[in-house]
Amino acid sequence: MKRRVVVTGLGCVTPLGANVDLVWKRLLAGESAVDYITRFDASSFPTKIAAEVKNWDLSHEGEDPARWVNQGLHTQFAIGAGKQAVKDSGIMDISFDPLRFGVYTGGGEGQQDFGRFARMMVAGIKDGVAQGVEFSTLGFIRDGLRDFNQEAELEQEPNMPAAHLAAMFNAQGPNSNCLTACAASVQAIGEATEIIRRGECDLMLSGGAHSMIHPMGVMGFNLLTALSTNNENPKAASRPFDRLRDGFVLGEGSVMCVLEEYEHAKKRGAKIYGEVAGYGSTADAFRITDTHPDGRGAISCLEMALRDAECNIDEIDYINAHGTSTSVNDKVETLAIKKVFGERAYKIPVSSTKSMIGHMIAAAGASEMMYCLLAMRDGVVPPTINYENPDPLCDLDYVPNVCREVECNCCITNSFGFGGQNVSILVKKV
């Protein structure tokens, strides 16, 4: 018999705030965090908008920001969310074996030092002109060895948040990071759940952290024509399932949770948000940037999560959709839900919180699982804002524009990433 896994702590740093209850309150109110990009000059980009984390640094979590000046935003966000989650769980107030406490993150890459890199390129070009060649690698390397910050360079690695979290909380158990695009953080939670189920750990700190709100990130997604260009009305730009949707809006941040073996949590009288009861992970094995048009990967991972949880379709009370606001994703996700749930699909509230908080990429799935847990706690589901123009190919109940009271005992969150990675997590009340 597999061991049960529950969530006993939550923490977040998001564009709508860095406090779980505040973020939840603002989501239920239908507030949008999307605005014009301030982190760099985006005036020449087709997309000039994003959902940024603003007015926050690690001093809000009792850390000296100067201590983390060489760490990327992904690490800073993870430390902030991780400290909140661990404090919320109360696990530092008990005695535990550090070898039975692990970390599993779905973390994105750190941020490039664009300024120094540009200066290195200029040096290479100047030396090349002097030598009569197009580009001088020697000039590039010379300036790099002189100017690059080796600690900041190391911190670009996506596994660094997991390493810092382990050191901070003396988590000496398994330590891993996966980077499967938009599915990363919820896949990390699923894999962390399996580690506890197998008996390798009693506690796991898991979730995700990412920021792609930088010139290369925005440029890349613009080249893929994946981002909304509704710069005139930022707060209405993310409009999942709406017929006039034109792409997603980048977000950033981190959500972390403490996963704990059920009997371990019950014995210490821990607060329990819910059980991670079902986990499905599949690949489309199709195209790097497109989901399979028949939704085969999404369908199979939804079915896998239901089987893993031993739940039938009538037990699902709410689905937090991947819901990116792109033409293909919303259409295929709707199709997949209908294929799995049949006529029952039309009776299940389905909403996309990306309409308010943007797409946090690697951190998105963990945030959306958190909203499922809070929906179960409070008996209310968040809306899909900006839903104004029905799409005949997207014909489910998307909880348009206003939150709704719903008794939630069992919820699913979907995450579908570039590369064809699909993950569904099913959480239920204990």
Glu155 and side-chain hydrogen bond (donor to acceptor under 3.5 Å, both in side chains): which single residue from His164, Gln76, His74 fits?
His164
Step by step, work out the side-chain contact (heavy atoms from CB on, under 4.5 Å) result for Val430 and Val6.
CA-CA 8 Å; Val430 175; Val6 294; 3.9 Å; yes
Is Phe248 close to Lys354 at the side-chain level, that is, under 4.5 Å between some pair of heavy atoms?
no
Can you tell me which residue pairs pass the salt bridge (charged side-chain N to carboxylate O under 4.0 Å, His left out) test with a partner in residues 56-65, sequence neighbours excluded?
Glu63-Lys83
Quick one: closest heavy-atom pair of Ala50 and Val249, and the distance?
CA-CG1, 3.8 Å
Would Arg4 and Glu261 pass as an ion pair if we require N to O under 4.0 Å?
no
Just checking Lys54: does its NZ atom have more than 12 heavy atoms from other residues, nucleotides or ligands closer to it than 6.0 angstrom?
yes
Counting N and O atoms only, with roles assigned by atom type, does the side chain of Lys428 sit under 3.5 Å from a partner on the main chain of Asn409, one being a donor and the other an acceptor?
no
Salt-bridge test for Lys2 and Asp308: reply yes if a basic N is under 4.0 Å from a carboxylate O, no otherwise.
yes
Under a 3.5 Å distance rule, please check whether Asn175 uses its side chain to pair with a backbone N or O of Ala162 as donor and acceptor.
yes
Hey, does Asn19 have a side-chain heavy atom less than 4.5 Å from the side chain of Val23?
no
To the nearest 0.5 Å, what is the distance between OG1 (Thr326) and CG (Leu224)?
11.5 Å
Check: Met356 main-chain N/O paired with Glu31 side-chain donor or acceptor under 3.5 Å:
no
Can we call the ring centroids of His359 and His322 under 6.0 Å apart?
yes
Check Asp202 with Arg3, please: is the shortest side-chain N to carboxylate O separation under 4.0 Å?
yes
Donor-acceptor contact below 3.5 Å, side chain Thr282 vs main chain Gly297:
yes
Less than 3.5 Å apart, any donor N or O on the side chain of Asn230 or Asp246 sitting next to an acceptor on the other?
no
Residue pair Asn177, Thr105: steps toward the side-chain hydrogen bond (donor to acceptor under 3.5 Å, both in side chains) verdict:
CA-CA 5 Å; Asn177 181 79; Thr105 55; 2.7 Å; yes
Residue Asn55 excluded, over 12 heavy atoms near CG under 6.0 Å:
no
Looking at the rings of Phe221 and Phe45, which for Trp means the six-membered one, are their centres under 6.0 Å apart?
no
Does Lys87 NZ have over 12 foreign heavy atoms under 6.0 Å away?
no
Short N-O contact, Lys271 and Asp88, less than 4.0 angstrom
yes
Would you please test Asp21 and Arg377 for salt bridge (Lys or Arg N to Asp or Glu O under 4.0 Å) and show each step?
CA-CA 12 Å; Asp21 286 330; Arg377 183 192 70 180; 3.2 Å; yes
Can you confirm whether Glu151 is buried at CD, in the sense that more than 12 heavy atoms of other residues, nucleotides or ligands lie under 6.0 Å from that atom?
yes
Yes or no on side-chain hydrogen bond (donor to acceptor under 3.5 Å, both in side chains) for Ser89 and Glu260, after CA distance, side-chain angles and deciding distance?
CA-CA 9 Å; Ser89 73; Glu260 191 166 351; 5.9 Å; no
Distance-only side-chain donor-acceptor flag, Glu191 / Ser176, under 3.5 Å:
no
Please work out which of the three classes, parallel, tilted or perpendicular, describes the rings of Phe77 and Trp56, given edges at 30° and 60°.
tilted
Which one of Leu16, Thr413, Leu27 satisfies the side-chain contact (heavy atoms from CB on, under 4.5 Å) criterion with Thr353?
Leu27
Atom pair OH/CG of Tyr262 and Leu259 - distance to nearest 0.5 Å:
16.0 Å
Check this for me, if you would: do Arg100 and Asp97 make a salt bridge, where the nitrogen-to-carboxylate-oxygen distance has to be below 4.0 angstrom?
no
Backbone N/O of Ser43 and side chain of Asp41: donor-acceptor pair under 3.5 Å:
yes
Do you see a donor-acceptor pair shorter than 3.5 Å between the side chains of Ser211 and Glu252?
yes
For Thr75 and Trp68, run side-chain contact (heavy atoms from CB on, under 4.5 Å): C-alpha distance rounded to whole Å, both residues' side-chain angles, the deciding distance at 0.1 Å, then the answer.
CA-CA 9 Å; Thr75 292; Trp68 300 93; 4.1 Å; yes
Is any side-chain heavy atom of Glu303 less than 4.5 Å from a side-chain heavy atom of Val340?
yes
For the SG atom of Cys257 and the CE atom of Met204, what is their distance to the nearest 0.5 Å?
10.0 Å
Value for CD1 (Ile79) from CE (Met168), rounded to nearest 0.5 Å, stands at 4.5 Å
Are side-chain heavy atoms of Leu179 and Glu109 found at a separation under 4.5 Å?
yes
Verdict with reasoning, Val423 to Tyr279, per side-chain contact (heavy atoms from CB on, under 4.5 Å):
CA-CA 7 Å; Val423 175; Tyr279 168 46; 3.8 Å; yes
Could you tell me if Tyr398 and Ser355 have a donor-acceptor pair between their side chains, going purely by distance under 3.5 Å?
no
Main chain of Thr291, side chain of Arg296: is a donor-acceptor contact present, judged purely on distance under 3.5 Å?
no
Short side-chain donor-acceptor distance under 3.5 Å, Gln187 and Gln421
yes
Are Tyr273 and Met370 close enough that some pair of their side-chain heavy atoms sits under 4.5 Å apart?
no
Quick check for you: to the nearest 0.5 Å, what is the distance between Thr137 atom OG1 and Met120 atom CE?
10.5 Å
Could you tell me whether the side chain of Ser254 and the main chain of Gly208 form a donor-acceptor pair under 3.5 Å?
yes
If you measure from the Lys or Arg side-chain nitrogens to the Asp or Glu carboxylate oxygens, is any gap between Asp242 and Arg245 under 4.0 Å?
no
Under 4.5 Å between any side-chain heavy atoms of Cys201 and Pro174, yes or no?
yes
Below 4.5 Å, heavy atoms only, C-beta onward: do Asp330 and Thr324 meet side chain to side chain?
yes
Could you please spell out the steps behind the side-chain contact (heavy atoms from CB on, under 4.5 Å) verdict for Asn320 and Val350?
CA-CA 6 Å; Asn320 188 294; Val350 178; over 6 Å; no
For a 4.5 angstrom cut-off between non-hydrogen side-chain atoms, does Cys410 reach Lys429?
no
Strictly distance-based, threshold 3.5 Å: is any side-chain N or O of Asn386 a donor or acceptor partner for the main-chain N or O of Ser238?
yes
Between the side chains of Ser424 and Asn414, is a donor N or O closer than 3.5 angstrom to an acceptor N or O?
yes
Under 3.5 Å, is there a donor-acceptor pair linking the side chains of Ser351 and Tyr318?
yes
Using modelled atom types and a 3.5 Å cut-off, is there a donor and acceptor pairing between side-chain atoms of Thr334 and backbone atoms of Cys394?
no
Ser325 (side chain) donor-acceptor with Arg239 (main chain) under 3.5 angstrom
yes
What distance do Ile316 atom CD1 and Ile348 atom CD1 have between them, rounded to the nearest 0.5 Å?
6.5 Å
